[in-house]
Each structure stands twice: as structure tokens, then as C-alpha cells.
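I have placed the structure first, in the form of C-alpha cells, so that the comments after it can refer back to it.
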Amino acid sequence: MRRTILKRTFQIFGVVALTILLSFGFVYHQATNYMVAQLDSLVTEEANFIVGEARQGRMAAFYERLRQDPRRVKPTGLFDAAGNRLAGNIGSFPRGLHVDSAPQDASVVRNSFSGREEESVRAIARRLPNGETLVVAWSTNYNEQTAEVVKRGLVFGLLPGFGLALFAAVVLGTREQQRVSEMSTRVQRIVSGELQQRLPANGTDEPLDRLAALVNGMLDEIEMMVRGLASVGDDIAHDLRSPLTAIRIGLDRARAGAKSVAD
């Protein structure tokens, strides 16, 4: 019984813990996807705006983006048809970046005052009317830091969640163990002859309650049968009492009037 209860406890804990893990994983996945979608929306909007100006013969938005980047999170570059750098703070065309496609993860080498540094970005490439290629990117450092903060928060949130799951599993397992122990005690008393005893039931649809209801119904039938047999025995004893009494009186008289063993 203890092995069964222990197994049931771990099953309950496993189900609750898995539910918590899946929920936290879903939250983390949704949060990171949302941040990536935000970056994609930003770089797409800015790239489309610069391309729109380029079609009108202006590149003011391109140079303005380069100028307004105090946090160094918006790499921007302009490349010719052969991939050679023409302008911007990106040293070379990002490897694997597809032109005129959706934003994608990329790694760029950024030219800055402190030298050339590599950083991970979400980038988009657009072909300009004159054949040049525009690259608009946004650093993912802040996204990664935010995702790390979210991850840590979720990990620390797992600890009380797992603790609560273990506590609930122990409580439920202990409650079932107590019910099973009480049922075992009642069964032993019934086996010893106390047919009026019944298994405890809470009136719910739980398996133990359904089992207790079936056993109690069986005990009711057995008690009725035993009482019926006792009643029949009483009736037989009552019916036999009169003739047996008459026979006994006759035997007593014969013995009292006998003058020998043969008589």
C-alpha cells in the first residue's frame, strides 16, 4: 500500500510539474517571439521608408538613421551590386542575408570609434532602384538581455511552483493513504464478524468512493442473507421445541417407572 501511495504521489507531482513547465515554456516562447516581432516591424518600417525616399532621389533618412544611434543598436549599410561597402557603419554585407525577403537573424561587423566589433542583429536587405542594396538592422542585445531576465524570473518562479506541486501531491497521497488504511481496518472488523460495519464513503465519484459503495451494497446483501438464515433457524427451533419436549417428558416417565435396565 505504501509503494502504491508513493507511486501515486510521484504521479501527481509529475503531472503538476509538467503542467508548470509547459506553461512557463509557453510564456517564455511567446515573450521572445513578441520581442522578435517588434524588432522585425521596426527594421521593416525603417527599410521601407528609406527605400521610398531613395526612389525619389533622396537618402536623408539613411544618414539620419546613422546619426541618431547613440546606443549603437541600429547598424545600417549601403552596398553595391558586388557587395562592396559604399556607406554606413556595417563593414561588410552580412553573410547569408537574403535580399528583398523577411527580416532574419544575422551577424554583422560594425565599424565604430572603438574599432570593428561583431554583433547579432535582426536584419533586412532591400534592393534600391539604382541597383544598390540597403541593409537595415537592429541589435538583439537588449532582446537577449530581456529574454534572460524573463528566463530567470520564470526559473525562480518554478521553485515555489514545484514546492506547491510537491505539497499538493503529498497531501493528496496522505489523504488517500489514510482512507485506504481506514478501509483496511473496517474490512478486518467485518471479517471478524462485525457485519454491521461499512466502508467509509464521501459520496463523490472518485474510484475509492465507487469501490466503497459497491462493497457496502454487497455487505448489505450479505447481512440480509445472514439475518434471513438466523430467522429460519429460530423458526425451526421453535417448531421443534414442542415435539422434543413431549418426547423428553415421555422418556423421563419411562425411566422413572422402569424397574430394570431392560425396562
Side-chain angles (χ1 to χ4, degrees), residues 20-159:
I20 294 174
L21 282 176
L22 292 177
S23 299
F24 281 29
F26 176 77
V27 171
Y28 179 76
H29 182 264
Q30 290 294 103
T32 54
N33 283 352
Y34 175 77
M35 291 186 290
V36 170
Q38 289 292 102
L39 280 189
D40 291 351
S41 176
L42 288 174
V43 296
T44 302
E45 182 180 350
E46 293 191 8
N48 291 339
F49 184 75
I50 296 174
V51 171
E53 277 202 341
R55 288 173 180 170
Q56 299 176 7
R58 299 194 305 269
M59 293 295 291
F62 173 81
Y63 292 104
E64 183 67 16
R65 190 175 199 272
L66 289 174
R67 188 180 66 85
Q68 294 183 353
D69 187 21
R71 295 182 299 170
R72 298 152 54 90
V73 297
K74 299 190 290 186
T76 311
L78 191 63
F79 303 87
D80 61 17
N84 299 314
R85 176 179 173 273
L86 299 177
N89 52 20
I90 299 178
S92 59
F93 190 83
R95 182 180 302 177
L97 183 62
H98 302 290
V99 180
D100 293 331
S101 64
Q104 62 186 85
D105 289 326
S107 178
V108 300
V109 176
R110 180 189 179 99
N111 295 328
S112 63
F113 297 107
S114 60
R116 296 164 61 88
E117 55 185 12
E118 187 173 356
E119 61 181 337
S120 298
V121 297
R122 289 290 290 182
I124 188 171
R126 288 286 186 265
R127 189 80 65 188
L128 298 181
N130 60 2
E132 296 174 351
T133 302
L134 168 71
V135 175
V136 175
W138 202 296
S139 175
T140 59
N141 288 337
Y142 287 102
N143 275 26
E144 292 171 357
Q145 294 172 6
T146 303
E148 185 65 25
V149 171
V150 173
K151 184 191 297 183
R152 290 181 181 178
L154 293 177
V155 169
F156 282 113
L158 285 176
L159 298 179

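All residue numbers refer to positions in the sequence shown, counting from 1. Since the model is a prediction, treat every value here as computed from it, not as a measurement.
In terms of heavy-atom proximity, Ala47 sits nearest to Leu134 at O-CD2, 4.0 Å. Taking every heavy atom of both residues into account, Arg85 and Phe79 meet most closely at CA-CD2, 3.5 Å. Residue Thr133 comes nearest to Asp80 through the heavy atom pair OG1-O, 4.5 Å, listed as atom of the first residue, atom of the second, then distance. Residues Leu97 and Ala123 approach most closely at CD1-O, 3.8 Å, considering heavy atoms. The minimum heavy-atom distance linking Val43 with Trp138 is given by the pair CG1-CB, 3.6 Å. Of all heavy-atom pairs spanning Ser92 and Ile90, the tightest one is O-CG2, 3.2 Å.
Distance alone, capped at 3.5 Å, places no donor-acceptor pair between the Glu53 side chain and the Phe62 backbone. Formation of a donor-acceptor pair under 3.5 Å by the Arg126 side chain with backbone atoms of Ser101 is found in this model. Under a 3.5 Å cut-off, the side chain of Thr146 and the backbone N or O of Tyr142 do form a donor-acceptor pair. Looking only at distances, no side-chain donor or acceptor of Glu119 sits under 3.5 Å from a matching main-chain atom of Ser139. Between the side chain of Ser120 and the backbone N or O of Thr140 there is no donor-acceptor pair closer than 3.5 Å.
Between Arg65 atom CZ and Phe49 atom CZ the span is 12.5 Å, to the nearest 0.5 Å. In this structure, CD in Glu46 is found 6.5 Å from CD1 in Ile50, a value given to the nearest 0.5 Å. Expressed to the nearest 0.5 Å, how far CZ of Arg122 lies from CD of Gln38 amounts to 12.5 Å. Between atom CG of residue Leu39 and atom CG of residue Asp105 there is a gap of 9.5 Å, rounded to the nearest 0.5 Å.
Here the side chains of Leu66 and Asn89 are in contact, with some heavy-atom distance below 4.5 Å. Residues Met59 and Leu78 have side chains in contact (heavy-atom distance under 4.5 Å, counting atoms from C-beta outward).
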With a 3.5 Å cut-off and sequence neighbours excluded, list the donor-acceptor pairs that the side chains of residues 149-156 form with protein atoms.
none

Run the side-chain donor-acceptor check on residues 21-31: report pairs under 3.5 Å with partners two or more places apart or on a different chain.
residue : atom : partner : partner atom : Å
Ser23   : OG   : Thr19   : O            : 2.8
His29   : ND1  : Asn33   : ND2          : 3.1
His29   : NE2  : Asn33   : ND2          : 3.1

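By the side chain to side chain donor-acceptor pair (under 3.5 Å) test, Arg58 is found to be paired with Gln56, residues two or more places apart in sequence or in another chain being considered. In terms of the side chain to side chain donor-acceptor pair (under 3.5 Å) criterion, Arg55 has no residue partners (sequence neighbours excluded). In terms of the side chain to side chain donor-acceptor pair (under 3.5 Å) criterion, Asp100 has no residue partners (sequence neighbours excluded). Residues that satisfy the side chain to side chain donor-acceptor pair (under 3.5 Å) test with Arg95, not counting sequence neighbours, are absent from this structure.
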